[in-house]
Chemist: 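The following block contains the structure, expressed as structure tokens.
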Amino acid sequence: MSKRVAASLVAGAMVTVLTACGSGGGGSADKGSGHKLVVGFSQVGAESGWRTANTKSIQESAKKAGVELKFSDAQQKQENQIKAIRSFIQQKVDVIAFSPVVESGWDTVLKEAKDAHIPVVLTDRAVDSKDESLYVSFLGSDFVEEGKKAGDWLVKEYANNSADVNIVQLEGTTGSAPANDRKSGFADATKGEPKFKVVASQTGDFTRAKGKEVMQAFLKSQPKIDVLYAHNDDMALGAIQAIEEAGKKPGTDIKIVSVDGVKDAFTAMSQGKINYDVECNPLLGDQLMDLVKKVKAGEQVPRRIKTEEGTFTPEQATAALPNRQY
Ligand code: GZL
């Protein structure tokens, strides 16, 4: 388990709530002041279907909650997020919330927010700062658990096989919490089985284009690929294009296990192209608005709020498709 996850466990106050159960609604003016709650939000970017759904959820929930949202898209660049946070400090927002594109390099700017007495909430991804006073809460998934779920499925899928299983891995953005933790969770789940060999592993930066490009390289360099483990569906969908262009059948010649559970991946699953999908729920908006209102009101909030999420076989994905929100 990563140090960060262990720390948050030790920090106690682990709260697992249903993502969809945010209360939302109702004005969010400070009790008595009439001042509209202003939140500065720095988003990673618009790199994937998951991110698009996450942004939509946050924007819609802010509107519903009567929160004024100052929203910034960092185009997956840490320096843009740091600039946005400094701008929110200048604007004296009530609360800063952000999804850190990578785990490291945040202490200086978060100290500036602390010195300006502006509370910070992490959503979706975490930071590896040792100074826990730099943010009040982290709302998001347990990526180590997601990686473990993917690995556990693979162990079951190949329980009766003794031959080597050659795995290629499309990693998320280098240095990001989901990439680090999904990699370690998967490795932990499969380390007891020497037949599982990760023969190639490279970042596809969570995008379809890069996922396709790296999968093309894997197909050229690897004589035998049995499984693709993709850290998100967008990279898996890009890889599917590469696999089909190479004249192979995704889901059959090369089994695919992925993470996120977005609609396009469920469509691919219904076509037999992805074999298992570990859900990572992007619908954090209502919970985030509840959280920022409590933080602004000075209420005690949990250090760690873990989102509930499941796993999908092709049959389950096909059944879920008609009502899938994202
Ligand atoms: C996970 C999130 C990841 C998704 C990707 O919570 O940070 O970033 O898995 C997205 O699709 O790009």
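Numbering of ligands and ligand atoms starts at 1, following listing order. Heavy atoms only: backbone and side chains are in, while hydrogens, waters and symmetry mates are out.
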Chemist: Per the salt bridge (Lys or Arg N to Asp or Glu O under 4.0 Å) rule, what does the pair list look like for residues 235-247, sequence neighbours excluded?
Modeler: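 Every pair satisfying salt bridge (Lys or Arg N to Asp or Glu O under 4.0 Å) with a residue in residues 235-247: K212-E245, E244-K273.
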Chemist: Where the side chain of S137 meets the backbone of P302, is there a donor-acceptor pair that is under 3.5 Å apart?
Modeler: yes
Chemist: Just to be sure I understand the cut-off, which residues have at least one non-hydrogen atom under 4.0 angstrom from an atom of ligand 1?
Modeler: E47, S48, W50, R51, D124, R125, F143, P178, R182, F206, N232, D260, C280
Chemist: Just by distance, do the side chain of Q81 and the backbone of A74 share a donor-acceptor pair under 3.5 Å?
Modeler: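 No: the side chain of Q81 does not pair with the backbone of A74.
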Chemist: Under 4.0 Å between a side-chain nitrogen and a carboxylate oxygen: does that hold for K156 and D152?
Modeler: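 Salt bridge flag = no for D152 with K156.
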Chemist: Does the side chain to side chain contact (heavy atoms under 4.5 Å, CB included) test come out yes or no for Y135 and R303, once each step is laid out?
Modeler: CA-CA 9 Å; Y135 61 89; R303 275 294 298 171; 3.1 Å; yes
Chemist: Is there a side-chain contact between D264 and R208 in this structure, where contact means two heavy atoms from C-beta onward sitting under 4.5 Å apart?
Modeler: yes
